[in-house]
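Quick notes on the structure that follows.
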Amino acid sequence: WWDARNPVRPIEPLPSTVFAWTGALHLGDPPPATPFLCKPGPEAPFVVPRLVADPRIRAVVSRLEVGGRPAFLIVYFARTTPFELIRANAWGTDLYFARDDRGAGYAGRCLPSDLDYDFDLVPWIRAGRVLWITPGDPTLTLRATVADCPFLGLPGRRYPLALEDGDVWDDLPAETAHG
């Protein structure tokens, strides 16, 4: 699943309202040694501003464990698909998979920049663009409050990471960084 070059993932039909999904994984120290290229994202939850700024899209942040480490899944939902928007790459890969307006499947690629990572969730929650699920909540109740949100101010590196054979590096292409 985590092999960024050759991800082996089950084919599961997603609801038509899922527009994109990204994620973050807090690697901890030492980071896991992987025999393949792994792109777990940043270590703290984030949103892609160009997606949540669109009035047709809402993001939902949740928490899970991956190898005993805290991970954060961010799913972007749209009631009507904004076909003109470039999606975010699927968590852990350099591609996204989608269907066009005729229902034909295709793969695309987004070259992310630092503008695609906003770790300040507060304004997005206040604007109703980001919702969250309490970790461990079996009912998956969507919440929209800042006061008790467990995804704010978490520690961790705030740029996408890549790792392989025990080495960890910043995975943001230099030509896309803005400062």
Side-chain angles (χ1 to χ4, degrees), residues 1-15 18-52 57 59-78 81 85-100 104-121 124 130 132-133 135 150-151 153-179:
W1 201 93
W2 285 105
D3 185 338
R5 291 184 188 104
N6 298 299
V8 177
R9 298 180 176 188
I11 297 173
E12 298 179 19
L14 296 173
V18 173
F19 184 74
W21 57 288
T22 61
L25 175 65
H26 197 279
L27 296 178
D29 197 29
T34 60
F36 48 78
L37 177 63
C38 177
K39 295 185 172 191
E43 291 186 305
F46 66 96
V47 292
V48 178
R50 63 183 175 76
L51 297 183
V52 293
I57 295 177
V60 176
V61 181
S62 61
R63 184 182 187 278
L64 58 144
E65 294 283 322
V66 173
R69 300 165 195 273
F72 309 95
L73 175 63
I74 304 102
V75 181
Y76 300 83
F77 294 92
T81 303
L85 279 181
I86 295 175
R87 297 169 191 249
N89 294 331
W91 190 12
T93 74
D94 289 326
L95 296 170
Y96 60 85
F97 303 94
R99 296 203 173 277
D100 65 17
Y106 69 95
R109 177 169 290 158
C110 170
L111 183 60
S113 82
D114 59 348
L115 300 175
D116 285 326
Y117 298 89
D118 189 349
F119 297 91
D120 184 5
L121 304 180
W124 299 110
V130 172
W132 52 273
I133 298 171
F151 302 108
L154 295 178
R157 290 174 273 197
R158 282 163 162 64
Y159 49 85
L161 300 171
L163 61 144
E164 187 171 21
D165 295 326
D167 293 326
V168 179
W169 63 92
D170 177 346
D171 189 45
L172 194 62
E175 64 270 15
T176 66
H178 291 90

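As a basis for the values below, the full set of heavy atoms in this structure was taken, side chains included, without hydrogen atoms, waters or symmetry mates. In this text, all values refer to a predicted model and were calculated from it rather than measured experimentally.
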| task | Starting from the C-alpha separation in whole Å, work towards a yes-or-no answer on side-chain contact (heavy atoms from CB on, under 4.5 Å) for Asp114 and Tyr159. | result | CA-CA 7 Å; Asp114 59 348; Tyr159 49 85; over 6 Å; no
| task | Evaluate the criterion side-chain contact (heavy atoms from CB on, under 4.5 Å) for residue pair Leu25 and Cys38; output intermediate values, then yes/no. | result | CA-CA 11 Å; Leu25 175 65; Cys38 177; 5.8 Å; no
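Residues satisfying the ring pair (Phe, Tyr, Trp, His ring centres under 6.0 Å) test with Phe119, not counting sequence neighbours, are Phe46.
Residues Thr22 and Asn89 approach most closely at CG2-O, 3.8 Å, considering heavy atoms. Shown here for Ala24 and Ala44, the closest heavy-atom pair between the two residues is CB-O, 3.2 Å. The two atoms that bring Gly23 and Ile74 nearest to each other are CA-CD1, 3.8 Å, heavy atoms only. Nearest heavy-atom pair, Ala20 versus Ala88, reported as atom, atom and distance to 0.1 Å: CB-N, 4.0 Å. The two atoms that bring Thr93 and Leu95 nearest to each other are OG1-O, 2.9 Å, heavy atoms only. Taking each heavy atom of Gly166 and Pro31 in turn, the nearest pair found is O-CG, 4.3 Å.
Within the 4.5 Å cutoff, the side chain of Trp132 has no heavy atoms near those of the Arg63 side chain. Under the 4.5 Å side-chain criterion, counting only non-hydrogen atoms from C-beta, Val18 is in contact with Phe77. Proximity of Pro135 to Pro150: side-chain heavy atoms (C-beta onward) are separated by under 4.5 Å at one or more points. Side-chain contact between Arg69 and Pro40 is absent, with no heavy-atom pair separated by less than 4.5 Å. In this structure, the side chains of Arg158 and Tyr117 stay at 4.5 Å or more apart for every pair of heavy atoms. The side-chain heavy atoms of Leu121 and Val47, taken from C-beta on, include a pair separated by under 4.5 Å. The closest side-chain heavy-atom distance from Arg157 to Glu43 is below 4.5 Å.
Pairs passing the salt bridge (Lys or Arg N to Asp or Glu O under 4.0 Å) check and including a residue from residues 85-96, sequence neighbours excluded, read Lys39-Asp94.
The only member of Phe72, Tyr76, Trp2 that meets ring-ring contact (aromatic ring centres under 6.0 Å, His included) when paired with Trp91 is Trp2.
Counted within 6.0 Å of CD1 on Ile86, heavy atoms from surrounding residues, nucleotides or ligands total 12 or fewer; the atom is thus considered open.
Separating the CG atom in Asp118 from the CG atom in Leu51 is a distance of 12.0 Å, to the nearest 0.5 Å.
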